[in-house]
Participant: 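Quick one: the structure is below, questions incoming.
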Amino acid sequence: MSDQVERYSHISVTQAGDARATVEVTHIEIAEGFDPDTCCDEREKALIGMIRSYLRPEQAPDCLIRRLRHVMADVCAEQQLDSTRHEGSDDGTQEIAH
């Protein structure tokens, strides 16, 4: 990720009167991206892992593989049919007798 993450180790707010407040920040770290190992507890890390495996599976589901194979077979058959229709003609067209 390209978003910056700011981490504050300690923030102290002291109010002096109704209109004035003093804010002290003792440590600021700006890092690139989001790192669950440093930002999350064990429960949050487990939840992130489950969501990541659901959204980014290592292998596509069987139903998707079947659909892709079917589409590719149709496309290849269509291209083969188009190439046979246009073979042998001077202008690129030819009628196929049925």
Side-chain angles (χ1 to χ4, degrees):
M1 291 185 177
S2 61
D3 297 332
Q4 288 188 344
V5 177
E6 295 182 9
R7 296 184 186 100
Y8 302 96
S9 61
H10 181 71
I11 299 174
S12 174
V13 179
T14 309
Q15 188 163 358
D18 292 334
R20 185 174 166 194
T22 304
V23 178
E24 293 180 30
V25 179
T26 56
H27 175 73
I28 299 176
E29 177 185 341
I30 299 176
E32 293 294 320
F34 173 71
D35 182 15
D37 291 329
T38 58
C39 298
C40 302
D41 62 21
E42 294 306 314
R43 183 174 165 251
E44 293 167 330
K45 289 178 196 177
L47 181 61
I48 290 170
M50 288 183 341
I51 292 170
R52 186 175 285 151
S53 67
Y54 178 75
L55 295 175
R56 297 181 186 165
E58 291 183 21
Q59 184 176 347
D62 291 337
C63 61
L64 178 59
I65 297 292
R66 283 193 304 273
R67 288 174 59 195
L68 288 171
R69 286 184 179 147
H70 179 74
V71 167
M72 291 305 296
D74 287 349
V75 168
C76 292
E78 211 172 273
Q79 286 177 347
Q80 190 175 22
L81 182 61
D82 285 345
S83 68
T84 15
R85 284 184 181 164
H86 299 294
E87 284 180 2
S89 67
D90 294 336
D91 63 352
T93 61
Q94 178 182 357
E95 288 293 321
I96 297 178
H98 294 281

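Please read all numbers here as calculations on a predicted model, not as lab measurements.
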Participant: So, applying side-chain contact (heavy atoms from CB on, under 4.5 Å) with Ile48, which one of Met50, Arg52, Lys45 is it?
Facilitator: Arg52
Participant: Leu55 and Leu64: same hydrophobic cluster, using ILVMFWY side-chain contacts below 4.5 Å?
Facilitator: no
Participant: Identify whether Tyr54 and Leu47 are in the same connected component of the hydrophobic contact network (ILVMFWY, side-chain heavy atoms under 4.5 Å).
Facilitator: yes
Participant: Flag yes if more than 12 heavy atoms outside Asp62 fall under 6.0 Å of its CG atom; otherwise flag no.
Facilitator: no
